Amino acid sequence: EDQVTQSPEALRLQEGESSSLNCSYTVSGLRGLFWYRQDPGKGPEFLFTLYSAGEEKEKERLKATLTKKESFLHITAPKPEDSATYLCAVANQAGTALIFGKGTTLSVSS
Amino acid sequence: GAGVSQSPSNKVTEKGKDVELRCDPISGHTALYWYRQSLGQGLEFLIYFQGNSAPDKSGLPSDRFSAERTGGSVSTLTIQRTQQEDSAVYLCASSFSGQGALGEAFFGQGTRLTVV
């Protein structure tokens, strides 16, 4: 069964304190791994898609990396506006749906 | 509008009543999805529409749940005989055709359903 597990559930950082969020996945064949950001009361917002091990993508202070078993979302020198829940997902085999993890809630204080 | 629009934003209903939730996708997006997000849980896939193809209904939790998409645009999710466990935020998303779930999905703000 396809499965996505994210850790930690919650992460508190000081502004400027870099860290990483983890996403472990189990799929019979990876068709894409996705990162989304969700702010309270809003729908998820797309960040990245990764397709193969070794791939990396960057956007501002965020960098996503992918191995054969997990993905990391690295946050460099975070700011308070980076506070949000970060969701990881994989595409199902039929390519009709995303299977989401429960997310990591990041809080960055100034 | 520029984004995915969902209505109502909040809905409180009595147990046993039927509810309809509406989704207006981004114009030109032929793929449309419904997800459910319960407190402390991840997003749970419900149903997927792609153009004129038969929808993937594999995520619907029971036969009380149904959805339709008229004219390849607006979609309605119907929950019959609502139960308290149906309380959740129902999210709709759309994406550009051709890539299905592999494409960038644009989510609406959701409908918060509370069954009392």
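Lettering of chains follows the sequences in order, A, B, ..., and the numbering in each one begins at 1. As the structure is a prediction and not an experimental result, all values here were calculated from the model.
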Taking atom CD of A:Glu15 as the centre, report whether more than 12 heavy atoms of other residues, nucleotides or ligands fall under 6.0 Å from it.
-> yes
Pick one of side chain, backbone, both or neither for B:Gln37, based on which atoms fall under 4.5 Å of a heavy atom in chain A.
-> side chain
A:Pro44 versus B:Leu91, closest heavy-atom pair with distance = CD-CD1, 4.1 Å
Is there any residue in residues 106-116 of chain B with a non-hydrogen atom under 4.5 Å from a non-hydrogen atom of chain A, and which ones are they?
-> B:Phe107, B:Gly108, B:Gln109
Can you tell me if CD on B:Glu14 sees more than 12 non-hydrogen neighbours from other groups inside 6.0 Å?
-> no
Which residues in residues 97-104 of chain A have any heavy atom lying under 4.5 Å from a heavy atom of chain B?
-> A:Ala97, A:Leu98, A:Phe100, A:Gly101, A:Lys102
Contacts of A:Glu60 that satisfy side-chain contact (heavy atoms from CB on, under 4.5 Å) - sequence neighbours left out = none
Against chain A, label B:Tyr35 side chain, backbone, both or neither, depending on which of its atoms sit under 4.5 Å from a heavy atom there.
-> side chain
Just how far is it from atom OG1 of A:Thr49 to atom CD of B:Glu104, taken to the nearest 0.5 Å?
-> 7.5 Å
Would you mind checking which part of A:Gln38 comes under 4.5 Å of any heavy atom in chain B, side chain (CB onward), backbone (N, CA, C, O), both or neither?
-> side chain
Treat each ILVMFWY residue as a node, draw an edge where side-chain heavy atoms are under 4.5 Å apart, and state whether B:Trp34 and B:Ile26 are in one component.
-> no
Can you hop from A:Val4 to A:Trp35 via hydrophobic side chains spaced under 4.5 Å?
-> yes
A:Val108, A:Tyr86: one ILVMFWY side-chain cluster at the under-4.5 Å cut-off?
-> yes
Transitively linked via ILVMFWY side-chain contacts under 4.5 Å: A:Leu66 with A:Leu73?
-> yes
Could you state the interatomic distance from OG1 (A:Thr96) to OH (B:Tyr33), rounded to the nearest 0.5 Å?
-> 8.5 Å
Verify the neighbour count for atom CZ of A:Arg12: are there more than 12 heavy atoms of other residues, nucleotides or ligands below 6.0 Å?
-> no
Between A:Arg31, A:Glu45, A:Glu9, which residue shows the highest count of heavy-atom pairs closer than 4.5 Å to chain B?
-> A:Arg31
Between B:Tyr48 (side chain) and A:Gly95 (backbone), is there a donor-acceptor pair under 3.5 Å?
-> no
If Ile, Leu, Val, Met, Phe, Trp and Tyr residues are connected whenever their side-chain heavy atoms lie under 4.5 Å apart, and connections chain through other members, are B:Leu60 and B:Val19 in the same group?
-> yes
Please list, chain by chain and in numerical order, all residues satisfying side-chain contact (heavy atoms from CB on, under 4.5 Å) with A:Glu55, sequence neighbours excluded.
-> A:Leu50, A:Tyr51, A:Ser52, A:Lys57
